[in-house]
Number of protein chains: 2
Amino acid sequence: MKTLSPSLEIKTKYLRRLHLFHSLSEPELSQIADFSYVRTADRGEILFRQGESARELHILVRGTVEIFFLLESGEKKVIHLLSGPSLVAEAALFMGSPWPADAHILSESLLVAIPRDKIIALTAANPELPWRLMGGMFSRLNEFRNTIENLSRKSAVSRVAVYLLTAAPDCPQIILNAPKNKIANYLGLRAETFSRALRVLVNQGAIAMEEEGIRIMNRSLLESILGEQ
Amino acid sequence: MKTLSPSLEIKTKYLRRLHLFHSLSEPELSQIADFSYVRTADRGEILFRQGESARELHILVRGTVEIFFLLESGEKKVIHLLSGPSLVAEAALFMGSPWPADAHILSESLLVAIPRDKIIALTAANPELPWRLMGGMFSRLNEFRNTIENLSRKSAVSRVAVYLLTAAPDCPQIILNAPKNKIANYLGLRAETFSRALRVLVNQGAIAMEEEGIRIMNRSLLESILGEQ
DNA sequence: CGAATGGTTGATAAGACTCAACTGGTGTGG
DNA sequence: CCACACCAGTTGAGTCTTATCAACCATTCG
């Protein structure tokens with residue numbers, strides 16, 4: 001982790017990218033920016049650990065972060081794969097509970113950190129802010145809902161189909177935001193099974209593998225696979 | 001669904017059971033109670049359907065409700081088994097989004113419904129209220145987190161062990177709050193597999209089946225099973 | 001009584017996991 | 001510069017858990 005010291009304008013620009021701060025006035029935003037610090041982190045670095053007390057809100061401006069916890073068996077279970085711009089585990093932070101999981105950097109990232117009390121202070125003057133926070137939590141809730149739906153879906157192929165469709169809601173080109181083994185874990189699959197599932201989809205003509213990523217060749221075919229199982 | 005007309009005191013008493021309303025003053029609470037109505041519902045009745053717009057907050061005072069959605073395959077997936085007193089799908093209600101899943105009554109229940117706008121109006125005067133709501137959402141988030149952890153756990157036996165341990169954090173006696181096939185579904189298992197997993201635990205001496213429910217005979221043994229897989 | 005529901009048990013089959021081998025790319029240190 | 005280890009990804013073969021299908025029992029309810 002390397003701390004940078006960008007200008008206030010730069011910091012404000014970073015913050016403005018987040019939906020959460022849209023309701024803040026310009027002075028409020030730069031006030032927050034003033035309290036915040038900017039860091040870069042490389043692959044493999046640890047953002048936080050489960051159980052540590054959450055003192056600052058981490059904002060992922062650019063890069064990728066994985067959120068995971070350790071199962072009793074000792075295995076890792078990835079529950080989020082975040083790409084910037086995104087808040088990181090904001091629910092736990094705002095509720096004042098310790099981090100519920102571990103966060104590791106997956107690829108070179110730019111992060112902004114804001115002390116918890118500074119943010120909390122803001123909510124007093126901004127009644128909409130808690131509602132925005134709830135909105136964020138609600139999307140997490142929906143993500144989890146989808147994850148559960150996905151884990152309940154028996155077939156590996158259809159899990160992958162769901163993932164691909166949601167990863168690229170409109171454009172046919174998918175650049176995976178994490179290594180395949182992480183995505184496999186997120187989907188509750190082994191890397192081998194994930195690889196084989198992709199192959200099945202290629203053979204069926206639903207997708208094509210390209211150097212840069214994956215291309216959806218036949219969206220409706222992919223959608224029909226969901227219904228199968 | 002049969003609508004009752006209890007006294008204002010009775011209604012207020014029901015509401016007071018919920019954590020959410022703890023910060024409200026007596027007049028506020030009875031004001032809310034005045035707007036609310038009380039109903040009873042029998043097994044099999046529908047509380048709401050996925051996609052319907054959420055106009056009132058349902059409070060389950062007594063009884064059992066299942067929350068589920070339909071997978072693409074047409075199968076049901078149970079995501080919550082609620083016992084009163086409990087809020088039902090409050091996150092969706094407060095966010096103003098349509099019901100994200102279906103809710104059916106599992107056993108004879110007593111319900112209170114409060115129009116959405118009346119609750120929202122309250123939050124203006126009670127700045128803590130949104131935070132309490134967030135608290136509720138946060139617990140759901142944690143429930144989902146646990147569900148995902150559970151679904152990721154491979155062994156059926158350990159899934160059941162987790163369920164039993166969390167269902168009875170202290171006392172050894174467990175009265176299942178839903179039919180076994182619903183619990184099996186909630187755990188991502190077939191009813192047959194659930195039954196067999198219980199049998200394994202009985203044979204190992206971890207639990208015992210009784211007429212009224214299940215008794216934990218050897219808690220530490222049960223806990224050790226979690227670690228196995 | 002007959003039907004429906006919830007639960008248990010047995011036999012079989014399918015799907016994913018496991019283990020192992022192999023590839024290509026990347027980074028490191030002698 | 002090369003040998004080496006390491007990591008991500010792929011493929012193959014065998015195993016194992018769970019789903020599936022079927023039969024059966026108990027209870028409840030009309």
Legend entry - Nearest-angstrom distance from the residue atom CG of A:Asn185 to P of C:dA16: 16 Å
Inset, instruction - Respond yes when some side-chain nitrogen or oxygen of A:Ser195 is under 4.0 Å from OP1 or OP2 of D:dG9, and no when none is. - result: no
Legend entry - Residue B:Arg43, side-chain heavy atoms: nucleotide from C:dG6, D:dT18, D:dG9 that is nearest: C:dG6
Inset, instruction - May I ask you to say what A:Gly188 touches in the nucleic acid, namely base, sugar-phosphate or nothing, with a heavy-atom cut-off under 4.0 Å? - result: sugar-phosphate
Inset, instruction - To the nearest Å, give me how far apart NZ (B:Lys182) and P (C:dG7) are. - result: 10 Å
Legend entry - Between P of C:dT26 and CD of A:Glu108, the distance in whole Å: 17 Å
Inset, instruction - Check the pair B:Leu20, B:Glu90 against side-chain contact (heavy atoms from CB on, under 4.5 Å), reporting the backbone distance first and the verdict last. - result: CA-CA 11 Å; B:Leu20 173 64; B:Glu90 74 283 3; over 6 Å; no
Legend entry - Global bending angle along the helix from C:dC1-D:dG30 to C:dG30-D:dC1, which compares the axes of five pairs at either end, to 10 degrees: 30°
Legend entry - Under 3.5 Å donor-acceptor pair, A:Arg196 side-chain atoms to C:dT18 base atoms: yes
Inset, instruction - Report yes if some heavy atom in the side chain of B:Leu165 is under 4.5 Å from a heavy atom in the side chain of B:Arg219; otherwise report no. - result: yes
Inset, instruction - Measure from the side-chain N and O atoms of A:Arg159 to the backbone N and O of A:Leu187, and report whether any donor-acceptor pair falls under 3.5 Å. - result: yes
Inset, instruction - Using the six-membered ring wherever Trp is involved, compare the ring planes of B:Phe68 and B:His104 and label them parallel, tilted or perpendicular (cut-offs 30° and 60°). - result: perpendicular
Legend entry - Short side-chain N/O contact to D:dT18 OP1/OP2 from B:Thr193, under 4.0 Å: no
Legend entry - Value in whole Å for how far the C1' atom of D:dT18 lies from CG of B:Leu187: 14 Å
Inset, instruction - Would you mind reading off the distance between A:Leu198 atom CG and D:dT11 atom P, rounded to a whole angstrom? - result: 10 Å
Inset, instruction - Can you tell me the distance, in whole Å, between the CG atom of A:Asn177 and the P atom of D:dA8? - result: 15 Å
Legend entry - Phosphate OP1/OP2 of D:dG9: any A:Asn181 side-chain N/O under 4.0 Å: yes
Inset, instruction - For the residue pair A:Asn150 and A:Ser152, confirm or rule out a side-chain donor-acceptor distance under 3.5 Å. - result: no
Inset, instruction - Looking only at side-chain atoms of B:Pro179, point me to the closest of D:dT18, C:dG7, C:dT18. - result: C:dG7
Inset, instruction - For the pair A:Val112 and A:Lys11, evaluate side-chain contact (heavy atoms from CB on, under 4.5 Å) and give the outcome as yes or no after the intermediate values. - result: CA-CA 8 Å; A:Val112 179; A:Lys11 290 206 256 185; 5.8 Å; no
Inset, instruction - Could you tell me how the ring of B:Phe144 sits relative to the ring of B:His80: parallel (under 30°), tilted (30 to 60°) or perpendicular (over 60°)? - result: parallel
Legend entry - Sorted by number, the residues of residues 199-215 of chain A with heavy-atom contact under 4.0 Å to DNA chain D: A:Arg199, A:Met209
Legend entry - Among C:dG7, C:dC19, D:dA19, the one nearest A:Glu192 by side-chain distance: C:dC19
Inset, instruction - Please state whether the rings of B:Tyr163 and B:Tyr186 are parallel, tilted or perpendicular, taking 30° and 60° as the class boundaries. - result: perpendicular
Inset, instruction - State whether B:Lys180 places a side-chain N or O below 4.0 Å from either non-bridging phosphate oxygen (OP1 or OP2) of C:dT8. - result: yes
Inset, instruction - I would like to know whether B:Val162 and B:Leu226 meet side-chain contact (heavy atoms from CB on, under 4.5 Å); could you show each step before the answer? - result: CA-CA 7 Å; B:Val162 173; B:Leu226 309 190; 3.4 Å; yes
Inset, instruction - Give a yes or no on whether B:Gln173 atom CD has more than 12 heavy-atom contacts from other residues, nucleotides or ligands under 6.0 Å away. - result: yes
Inset, instruction - Specify the separation, in whole Å, of atom CG of A:Leu189 and atom P of D:dT10. - result: 13 Å
Inset, instruction - Using whole Å, report how far CD1 of A:Ile183 lies from C1' of D:dG9. - result: 12 Å
Inset, instruction - Would you classify A:Ala156 as touching base, sugar-phosphate or nothing, given that sugar-phosphate means primed atoms plus P, OP1 and OP2, and contacts are heavy atoms under 4.0 Å? - result: sugar-phosphate
Inset, instruction - Ignoring backbone atoms, establish whether B:Arg190 has a side-chain N or O less than 4.0 Å from OP1 or OP2 of D:dT20. - result: yes
